[in-house]
Amino acid sequence: MTCTEGREPGSLATVSLSSVLGDVRRYPRTLNVVKSRSIAVLLFVGSLVVVAPIVIVGSMIHRSIRAPRDRVLHELDHAAIRVAALDLLSSNSNGLVDKSRWPEPIVTVKPSSVTMTDGSIVLEFGGGFGHYGLIVDPKRNHLLNRGDGTRDAYIKVVDLGNDLTYYECE
């Protein structure tokens with residue numbers, strides 16, 4: 001049986017398209033909202049794909065740079081290094097100290113250079129920009145002045161006590 005059987009064609013119910021579909025004027029606006037949200041989500045996910053690896057790799061690089069510095073600052077036997085440096089200072093020489101003259105506690109920490117100046121000894125690690133190290137200075141004059149009343153360009157100075165200082169340079 002069909003829906004028109006037994007009825008006259010004029011008596012069929014008239015149904016408007018707007019009552020079935022609703023107000024069709026709002027569809028383009030709804031479609032634009034869906035498009036803009038989709039674009040926003042794609043941009044967010046795309047930026048995460050780009051930014052996340054940069055942050056992760058940057059963090060790994062930072063840790064690899066900080067690890068040797070943290071080792072010198074926190075893990076070395078500072079007392080043994082201080083005693084060995086004071087022994088070396090008793091020779092009263094200035095300038096770069098030859099590796100053959102380094103005492104055992106200094107050899108084991110593997111500094112890139114050891115320098116004696118004006119009654120202090122500097123164990124330098126790293127090199128170039130961003131070097132760091134330990135200063136044994138019984139007179140405490142190395143960090144406080146350079147003769148003209150100014151300080152060296154240390155970006156971090158940690159007093160470890162007993163004439164021993166950790167430093168980082170630019």
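Everything quoted here is computed from the prediction, not taken from an experiment.
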Mind listing the closest non-hydrogen atom pair of Val49 and Pro53 along with its distance?
O-CD, 3.0 Å
If I take atom CZ from residue Arg82 and atom CG from residue Leu164, how far apart are they, to the nearest 0.5 angstrom?
8.0 Å
Give the minimum heavy-atom separation between Leu88 and Met116, together with the two atoms involved.
O-SD, 3.5 Å
Passes side chain to side chain contact (heavy atoms under 4.5 Å, CB included), Val72 versus Val109? Steps please.
CA-CA 8 Å; Val72 169; Val109 297; over 6 Å; no
For the NZ atom of Lys99 and the CD1 atom of Ile106, what is their distance to the nearest 0.5 Å?
13.0 Å
Straight-line distance of Glu124 CD to Thr115 OG1, nearest 0.5 Å:
6.5 Å
Report yes if some heavy atom in the side chain of Leu76 is under 4.5 Å from a heavy atom in the side chain of Arg71; otherwise report no.
yes
Value rounded to 0.5 Å, distance of CG in Asp87 from CZ in Arg101:
11.5 Å
His78 and Leu73 have their tightest heavy-atom pair at CE1-O, 3.0 Å
Anything under 30° is parallel, anything over 60° is perpendicular, the rest tilted; go ahead and classify Phe125 against Tyr132.
parallel
Could you tell me which non-hydrogen atom of Tyr167 sits nearest to which non-hydrogen atom of Val122, and how far apart they are?
OH-CG1, 3.6 Å
Answer yes or no: is there a side-chain heavy-atom contact under 4.5 Å between Leu89 and Pro138?
yes
Do Leu96 and Val107 belong together in a cluster built from hydrophobic side chains that touch within less than 4.5 Å?
no
For residues His131 and Arg69, report the shortest heavy-atom separation together with the two atoms involved.
N-NH2, 4.4 Å
Do the non-hydrogen side-chain atoms of Asn162 and Leu160 ever get within less than 4.5 Å of each other?
no
Donor-acceptor check, side chain of Thr117 to backbone of Asn94, threshold 3.5 angstrom: yes or no?
no
Value for OG (Ser47) from CG (Leu42), rounded to nearest 0.5 Å, stands at 10.5 Å
Are Val83 and Val114 connected into the same hydrophobic cluster when the rule is that any two of I, L, V, M, F, W, Y join if their side-chain heavy atoms are below 4.5 Å apart?
no
Write down the atom of Gly119, the atom of Asp137, and the distance for their closest heavy-atom approach.
O-OD1, 4.0 Å
